[in-house]
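Accompanying notes for the structure given below.
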Amino acid sequence: LMPSNSFRSLSLIFFSLWLYSTDSFLVISPSEPIVAMLGMDTVLPCHVSPAMSAENMELRWFRSEFSEAVYVYQDGMEQVGEQLVDFKGRAELVKDYITEGRVSVRIYSLRISDSGIYKCFFKKGSEFQEATLELKVIGLGSGPHVFMVGPEGTGIRLTCTGKRWFPQPEVQWKDAMGEKIPSLSEVETQDDDGLFQIEASLIVRDSSKREVSCSMKNPFFGQEQVETISIPESFFPRTSPWMTAFAVTFIILGIFLGAVVFLAWKERQEKKRAQEAQTEKEKESKDKAELLAYNLPDVKSFAVTLDPDTAHHNLILSENRKQVSLMGNAPQNCDASVRQGQGESETIFSVLGQNCFTTGRHYWEIEVNIGTEVGLEPRWAVGVCSDTAERDGWFVESPEKNFWVIAYNKEVLISRPESLSLRQHPQRIGVFLDLEDKDVSFYNMVDGSHIYSFTGITYGTLRPYLTSDFSQVTISRSVSSSPASGSGLMAQSLEPVSDSVSPSLSAPPPFMLCLSLSQK
């Protein structure tokens with residue numbers, strides 16, 4: 001078998017012999033781009049194969065279009081009529097070896113616009129061929145030039161500039177050890193000739209990098225130019241220890257203020273939620289009273305009356321058993337029931353209602369007429385208690401002892417274990433007992449405000465509870481969604497005890513209706 005290289009050589013010989021036997025030929029140009037410097041001269045060579053004289057051929061070098069002639073040779077002379085204006089006076093034919101078919105076009109004073117693709121065209125009789133060339137014009141401009149602009153922040157700003165480069169150069173900063181440093185910014189512009197002007201910036205913050213170089217390299221030609229600058233150590237900004245301490249203090253202060261603001265915000269949110277919960281609680285209590293009147297078909301009137309058998313012997317009950325007051329000569333201290341106060345004991349003149357409640361929802365109103373005798377301190381309490389609550393001897397009116405009451409004592413309204421803050425002293429008090437939801441609520445019927453509510457009542461049987469000490473306490477009206485057990489429950493006396501107390505039930509105060517009837 002014949003080696004492959006020998007086969008190729010024989011093929012080329014046979015092809016050449018075929019060309020010699022005819023007028024056919026090939027045009028051959030450089031396979032690699034022709035690189036030339038801006039402003040210099042260059043040649044665009046082409047030749048025919050097989051070798052033959054090109055003196056009588058038509059030769060043409062042109063750009064992308066046939067009509068864009070760079071140089072035209074025909075009938076043994078130059079034809080300038082078709083030549084582009086940019087190449088007139090800058091292009092000539094080099095024909096030293098034209099008899100061998102080797103010719104070139106020389107272009108003088110290269111410009112950036114000369115870069116690009118060219119074609120050489122050879123024509124002999126009716127036969128013609130062409131080949132393609134590429135010309136790359138490069139510009140190694142001035143620079144780089146490195147300048148120290150001055151201090152900036154905690155470092156030194158450097159600028160590296162270069163002019164009249166083509167194509168755009170590659171810019172690289174390096175330290176004395178050859179380590180690359182990325183540019184902070186790079187700005188490129190092109191002038192009217194298409195040449196690049198470039199400016200690269202860098203901030204050196206490490207005082208150990210006092211020697212910095214800037215290089216610019218042409219990506220085609222590979223030629224690189226470098227300039228180095230040395231930065232005196234004294235030029236680097238020095239950090240004051242006071243500034244460091246101030247920065248640390250400022251950060252700590254910022255964290256502290258942030259924590260204070262967050263805690264204040266959190267406290268406001270908690271107060272807001274508590275207020276919303278209290279408002280919702282009051283609304284629910286009022287809604288209960290509304291539903292009690294309007295939505296329950298079994299709402300019935302009943303009379304809350306007082307049980308004389310449970311009254312303190314110094315109390316006076318009215319004939320209809322709805323009003324209670326203290327005897328005028330009653331002592332302030334006696335051996336009957338006493339209330340445990342803060343470091344002292346007080347006599348309790350109490351009485352229970354004759355009604356006994358085990359289920360349902362019930363509402364009644366209490367009117368208090370405080371005495372005006374000089375030197376006397378009026379006291380009263382209203383609410384409910386268990387029928388088994390201990391009222392003999394020393395006792396405390398508290399939920400733990402099965403008392404759910406509010407009390408007026410020494411010009412302070414108390415609901416154990418806390419004192420209550422009211423807009424005004426209540427003279428008419430609404431008591432709403434809801435045994436289904438296990439709570440009891442108190443309302444000031446003068447201004448319609450909610451006073452207090454006890455929730456989670458544990459009970460067996462509950463009874464109305466009153467105390468009177470230098471005050472006159474009156475049960476003015478009552479209504480129920482479920483009759484209570486006990487005597488006198490369905491008495492018809494829902495009229496006020498006196499004209500000064502309230503109007504008749506047929507035209508009750510608007511809020512009394514809303515409160516006493518707001519129940520599910």
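All heavy atoms count here, side chains included; hydrogens, waters and symmetry mates do not.
Closest non-hydrogen pair, E397 versus Y465, comes out as OE2-OH, 2.7 Å. In this structure, V149 and T159 approach most closely via the heavy-atom pair CG2-OG1, 3.2 Å. Closest heavy-atom contact between L435 and T358: CD1-C, 3.4 Å.
Between F357 and W404, the distance from one ring center to the other does not fall under 6.0 angstrom.
Atom CZ of F166 and atom CD of Q190 lie 7.0 Å apart (nearest 0.5 Å). The OG atom of S213 sits 11.0 Å away from atom CD1 of I229, with the distance rounded to the nearest 0.5 Å. With values rounded to the nearest 0.5 angstrom, M177 atom CE is found 10.5 Å from S208 atom OG. Rounding to the nearest 0.5 Å places CZ of F349 at 5.0 Å from CG of N314. Atom CG of residue L158 and atom CG of residue L184 lie 11.0 Å apart, to the nearest 0.5 angstrom. For the atom pair E211 CD and S230 OG, the distance stands at 4.5 Å (nearest 0.5 Å).
Here E267 pairs with K271 under the salt bridge (charged side-chain N to carboxylate O under 4.0 Å, His left out) rule; sequence neighbours left out. Among residues two or more places apart in sequence or in another chain, the side-chain contact (heavy atoms from CB on, under 4.5 Å) test is passed with Q168 by E188, F196. In terms of the side chain to side chain donor-acceptor pair (under 3.5 Å) criterion, residue partners of E400 (sequence neighbours excluded) are, by chain and number, S398. Judged as a side chain to side chain donor-acceptor pair (under 3.5 Å), and not counting sequence neighbours, T161 has no contacts. Residues passing the side chain to side chain donor-acceptor pair (under 3.5 Å) test with D191 are Q197, sequence neighbours excluded. For the side-chain contact (heavy atoms from CB on, under 4.5 Å) test, residues two or more places apart in sequence or in another chain that qualify with T42 are I34, A36, L110, L135. Applying the salt bridge (charged side-chain N to carboxylate O under 4.0 Å, His left out) rule to D86 yields no partners; only residues at least two apart in sequence or on another chain are considered. Listed by chain and number, the residues in a salt bridge (charged side-chain N to carboxylate O under 4.0 Å, His left out) with E170 are K217 (sequence neighbours excluded). In this structure, the side-chain contact (heavy atoms from CB on, under 4.5 Å) partners of M37, at least two apart in sequence or on a different chain, are M40, I138, L140. Every residue two or more places apart in sequence or in another chain was checked for a salt bridge (charged side-chain N to carboxylate O under 4.0 Å, His left out) with K174, and none qualifies. Residues that satisfy the side chain to side chain donor-acceptor pair (under 3.5 Å) test with R463, not counting sequence neighbours, are D307.
For the pair Q269/R273, a side-chain contact is recorded, criterion being any heavy-atom separation below 4.5 Å from C-beta on. Side-chain contact between W173 and K209 is absent, with no heavy atoms from C-beta onward closer than 4.5 Å.
Counting heavy-atom neighbours within 6.0 Å of E32 CD, excluding the residue itself, gives a total of 12 or less.
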Are V440 and L462 close enough, and set up right, to give a side chain to side chain contact (heavy atoms under 4.5 Å, CB included), and what steps lead you there?
CA-CA 11 Å; V440 60; L462 298 181; over 6 Å; no
Decide yes or no on side chain to side chain contact (heavy atoms under 4.5 Å, CB included) for L315 and S468, but give the supporting numbers first.
CA-CA 8 Å; L315 292 178; S468 176; 4.2 Å; yes
Carefully, step by step, assess Q427 and V368 under the rule side chain to side chain contact (heavy atoms under 4.5 Å, CB included).
CA-CA 5 Å; Q427 295 180 336; V368 180; 5.7 Å; no
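Aromatic ring orientation, F147 versus H145: tilted (interplanar angle from 30° to 60°). The aromatic rings of Y408 and W380 lie parallel to each other, with less than 30° between the two planes, well short of the 60° mark.
The closest donor-acceptor contact from the side chain of E227 to the backbone of V146 lies under 3.5 Å. Here the side chain of S441 pairs no donor or acceptor atom with the backbone of S453 at under 3.5 angstrom. The main-chain N or O of I457 is never found under 3.5 Å from a side-chain atom of D439 such that the two would form a donor-acceptor pair. Proximity of a side-chain donor or acceptor of R321 to a complementary backbone N or O of Q354 within less than 3.5 Å is not detected. Remark: side-chain polar atoms of W165 are paired, donor with acceptor, to backbone N or O of S142 under 3.5 angstrom. Between the side chain of T310 and the main chain of L352, a donor-acceptor pair closer than 3.5 Å is present. Under a 3.5 Å cut-off, the side chain of D193 and the backbone N or O of L195 do not form any donor-acceptor pair. Here the side chain of T467 pairs no donor or acceptor atom with the backbone of I348 at under 3.5 angstrom.
Residue pairs satisfying the disulfide bond (SG atoms under 2.5 Å apart) criterion with at least one member in residues 141-223, sequence neighbours excluded, are listed as follows: C160-C214.
Between E436 and R361 there is a salt bridge, since at least one side-chain N of the basic residue sits less than 4.0 Å from a carboxylate O of the acidic one.
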